[in-house]
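All of these numbers come straight from a predicted model, not from anything done at the bench.
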Amino acid sequence: QVQLVESGGGLVQAGGSLRLSCAASGRTFRSSAMGWFRQVPGKEREFVAAVSWNGGATNYADSVKGRFTISRDNAKNTVYLQMNTLKPEDTAVYYCAAGSTRATLGDSGAWGQGTQVAVSS
């Protein structure tokens, strides 16, 4: 199973940008779909973005379309989330997840520990 470690979170002003990284270890990364989710206290974890195993297909939550971009570098075993034009409502803990397909992210328990993103108004 793939192990995941997120980084790149922090505090940024509204309108700013951050790039999150998720470093993966394990033999299955290059054949796994990858994605990002986020969660705020008291709410369900919500889907943000996903990318197929080869980077050829992506999908996004409506709330982040046009602002966030997911990508992956299989040579570096890393998936990224470029977040632009950040809004206060993007504040959350962001989690990386792996799965056999974009529809089954996290089903096998492959989650990172999360990285905090805070956007001030």
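Hydrophobic clustering, with ILVMFWY side chains joined whenever heavy atoms are under 4.5 angstrom apart, groups Tyr60 together with Leu20. No continuous path of hydrophobic side-chain contacts links Tyr80 to Leu4 [ILVMFWY only; heavy atoms under 4.5 Å]. With hydrophobic clusters built from ILVMFWY side chains whose heavy atoms lie under 4.5 angstrom apart, Val64 shares a cluster with Leu18.
Residues Ser17 and Thr85 come closest through the heavy atom pair OG-N, 4.3 Å.
A donor atom on one side chain and an acceptor atom on the other are not found under 3.5 Å apart for Asp73 and Thr78. Inspection of the Thr104 and Thr101 side chains reveals an N or O donor paired with an N or O acceptor under 3.5 Å. Side-chain contact check for Ser25 and Gln3: at least one donor-acceptor pair (N or O, by modelled atom type) lies under 3.5 Å.
The CZ atom of Arg102 sits 13.5 Å away from the CE atom of Met34 when rounded to the nearest 0.5 Å. Taking CZ of Arg38 as the start and NZ of Lys43 as the end, the distance is 9.5 Å to the nearest 0.5 Å. Rounded to the nearest 0.5 Å, atoms SG (Cys22) and CD1 (Ile70) are 9.0 Å apart. We find the CE-CH2 distance between Met83 and Trp36 to be 8.0 Å, quoted to the nearest 0.5 Å. In this structure, CG in Asn84 is found 9.0 Å from CZ in Arg67, a value given to the nearest 0.5 Å. Separation of atoms OG (Ser120) and CG (Leu86) is listed at 10.0 Å; rounding is to 0.5 Å.
With contacts defined as side-chain heavy-atom distances shorter than 4.5 Å, the pair Val117/Thr91 does not qualify. In this structure, the side chains of Val5 and Gln113 come closer than 4.5 Å at one or more pairs of heavy atoms. Using a 4.5 Å heavy-atom threshold, the side chains of Glu46 and Gln39 count as separate.
Note: Trp111 and Phe37 meet the aromatic proximity criterion, with ring centroids under 6.0 Å apart.
Taking the ring centre of Phe29 as origin, the terminal cationic atom of Arg72 falls inside the region bounded by 6.0 Å and 45° from the ring axis. A cation-pi arrangement is found for Arg45 relative to Tyr95, the charged atom lying closer than 6.0 Å to the ring centre and inside a 45° cone about the ring normal.
Between the side chain of Asn74 and the backbone N or O of Ser31, no donor-acceptor pair lies under 3.5 Å.
Atom CD of Glu44 is surrounded by 12 or fewer heavy atoms from other residues, nucleotides or ligands within 6.0 Å.
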Open item on the list: salt bridge (Lys or Arg N to Asp or Glu O under 4.0 Å) for Lys65 and Asp62? Distances and angles first, verdict last.
Closed with: CA-CA 5 Å; Lys65 278 182 183 175; Asp62 287 344; 3.2 Å; yes
- [ ] Show your working on side-chain contact (heavy atoms from CB on, under 4.5 Å) between Val48 and Leu81 and close with a plain yes or no.
- [x] CA-CA 10 Å; Val48 175; Leu81 185 68; 4.2 Å; yes
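Below 30°, between 30° and 60°, or above 60°: for Tyr94 and Phe68 the angle between ring planes is between 30° and 60°, a tilted geometry.
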